[in-house]
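Only heavy atoms go into these numbers, but all of them, side chains included; no hydrogens, no water, no symmetry mates.
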Amino acid sequence: MRRIVISTFAAILAVVQVSALDLFKKKNSEPVNYNAWRDTTALTMVTAEGLPMFYPETVEDGQAVVRGEFSLPGRTSEQIFLGALDYAVSHLDAEDEHEQIGEFNEADKSFMIRRYSKQGSNNTETVYRCLVLVKAETGRLLFAINEIDVKYREKGLIPRTLAFEKLKPADNSRHRELVELFAELTGAYFHSLSEAAAGSGSLSASHWKEIREKEVVKGMSELEVKLAVGMPLATRDNGDRIRWVYPDNYIVLFENGKVVRVVE
């Protein structure tokens, strides 16, 4: 009789445990619907400085995606592409090896950026990570951001990292703050990037094969060198020549904006 009771109790406990686990999974697997949240929430769309803010939307597969565009009348797709690419590579965080330019497609006028944005420090530190697609078309710059997550502290506790799909901005004020800050940072970054693209008439790039092979050769432009080997540690202007200095005494010399010599 005792065996039967124990067996029955164990069976019931197993069922309860499975049911509880299923409920937990369901609760945590359901992504936030940013579209519904945006439709029912009075959101700030422009910062105090007059810059646009870009909020996430939920697409068909449940991903949180941020999309936007800037109008750049009178600019060709090539000018916008090279200007945006130059700004992006010039503003990578030199201390963060994870932030980098990813794939670029010179024919399609598009490129990827893996971005890391750190705000605050110590107990207030917030770090956003995301994958950005930038595309240039005649007269406009478009972008789409996905794979967004945020590392933050909630009520001074141990840092936690959540994908944007797991945030609950409708119910959690801290989560709403995180989404609003990302919307503000996104607007500021792409406003600056679009301004750079609007004034990029003299940029050029043609050594795409060498860039992909991370090789610097004579005739390359400054932009092409940045794309191939990154930003220099230091620059020296000797009048006729400009010298870019890299680690291990790797030096690139420019005359009239073109590479004339590489010292290894």
Side-chain angles (χ1 to χ4, degrees), residues 23-70 84 87-88 91-102 112-134 141-194:
L23 288 172
F24 181 79
K25 287 181 177 178
K26 289 177 183 177
K27 181 179 179 181
N28 285 276
S29 63
E30 184 179 347
V32 61
N33 187 332
Y34 280 104
N35 302 337
W37 177 67
R38 288 168 49 155
D39 290 342
T40 57
T41 307
L43 298 174
T44 302
M45 302 306 296
V46 180
T47 67
E49 294 76 23
L51 301 181
M53 296 174 66
F54 295 92
Y55 289 89
E57 58 185 278
T58 300
V59 295
E60 290 181 359
D61 62 358
Q63 278 196 81
V65 177
V66 177
R67 293 187 278 208
E69 67 175 82
F70 285 83
Y87 180 89
H91 288 81
L92 294 175
D93 187 344
E95 297 181 359
D96 193 332
E97 62 182 14
H98 299 290
E99 189 170 62
Q100 56 187 295
I101 301 293
M112 307 287 290
I113 320 171
R114 177 66 69 178
R115 291 205 68 219
Y116 285 64
S117 177
K118 183 169 73 172
Q119 306 296 313
S121 60
N122 299 324
N123 289 339
T124 64
E125 183 177 282
T126 302
V127 181
Y128 295 97
R129 303 183 303 180
C130 60
L131 183 64
V132 183
L133 169 66
V134 180
L141 176 92
L142 303 94
F143 67 88
I145 308 172
N146 67 352
E147 297 184 17
I148 313 167
D149 65 35
V150 58
K151 180 182 179 182
Y152 70 103
R153 292 178 185 270
E154 193 161 15
K155 299 179 181 179
L157 300 176
I158 296 173
R160 62 185 307 196
T161 300
L162 283 179
F164 259 43
E165 291 82 3
K166 297 296 185 181
L167 297 180
K168 304 294 182 184
D171 307 315
N172 186 312
S173 60
R174 181 70 176 112
H175 289 186
R176 174 167 176 167
E177 289 174 0
L178 294 170
V179 173
E180 289 177 332
L181 178 57
F182 186 77
E184 181 179 345
L185 294 172
T186 299
Y189 178 82
F190 280 100
H191 172 76
S192 297
L193 186 144
S194 66

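The distance from atom CG of Asp171 to atom CZ of Arg176, rounded to the nearest 0.5 Å, is 11.5 Å. A distance of 6.5 Å separates OG1 of Thr126 from CG of Leu181, quoted to the nearest 0.5 Å. The CD1 atom of Ile148 lies 7.0 Å from the OG1 atom of Thr186; values are rounded to the nearest 0.5 Å. Note that the OG1 atom of Thr161 and the NZ atom of Lys151 stand 6.0 Å from one another [nearest 0.5 Å]. Of the inter-residue distances, the one linking Leu185 atom CG with Met53 atom CE reads 9.0 Å to the nearest 0.5 angstrom. If you take CG on Leu92 and CD1 on Ile101, they are separated by 5.0 Å, rounding to the nearest 0.5 Å.
Contact check for Phe190 versus Pro52: no side-chain heavy atoms found under the 4.5 Å cut-off. In this structure, Val66 and Phe143 have side chains that are in contact, with non-hydrogen atoms separated by less than 4.5 Å. Counting heavy atoms from C-beta on, the side chains of Glu125 and Lys118 come closer than 4.5 Å. Within the 4.5 Å cutoff, side-chain heavy atoms of Arg67 are placed close to those of Val59. With contacts defined as side-chain heavy-atom distances shorter than 4.5 Å, the pair Asn172/Leu167 does not qualify. Looking at heavy atoms from C-beta onward, Glu147 lies out of side-chain contact with Cys130 at the 4.5 angstrom threshold.
Shown here for Pro159 and Arg153, the closest heavy-atom pair between the two residues is CD-NH1, 3.5 Å. The minimum heavy-atom distance linking Phe70 with Ser194 is given by the pair CD2-OG, 3.6 Å. Here the shortest heavy-atom pairing between Phe164 and Leu178 reads CZ-O, 4.3 Å. The nearest pair of heavy atoms linking Leu193 to Ala88 is CD1-CB, 4.5 Å. The two residues Met112 and Leu133 make their nearest non-hydrogen contact at SD-CD1, 3.5 Å.
Geometrically, Arg174 does not engage Tyr152 in a cation-pi contact defined by less than 6.0 Å to the ring centre and at most 45° from the axis.
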His175/Leu162 under side-chain contact (heavy atoms from CB on, under 4.5 Å): CA gap, chis, key distance, verdict: CA-CA 10 Å; His175 289 186; Leu162 283 179; 4.0 Å; yes
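Using modelled atom types, one side-chain atom of Asn35 and one backbone atom of Thr58 make a donor-acceptor pair closer than 3.5 Å. For the pair His91 (side chain) and Tyr87 (backbone), a donor-acceptor distance under 3.5 Å is present. Judged by distance alone, the side chain of Thr41 and the main-chain N or O of Leu43 form no donor-acceptor pair under 3.5 Å. The backbone N or O of Asp93 sits less than 3.5 Å from a side-chain atom of Glu99, completing a donor-acceptor pair. The main-chain N or O of Tyr55 is found under 3.5 Å from a side-chain atom of Arg38 such that the two form a donor-acceptor pair.
Relative orientation of the Trp37 and Tyr34 rings is perpendicular, given thresholds of 30° and 60° on the angle between their planes. Aromatic ring orientation, Tyr128 versus Phe182: tilted (interplanar angle from 30° to 60°).
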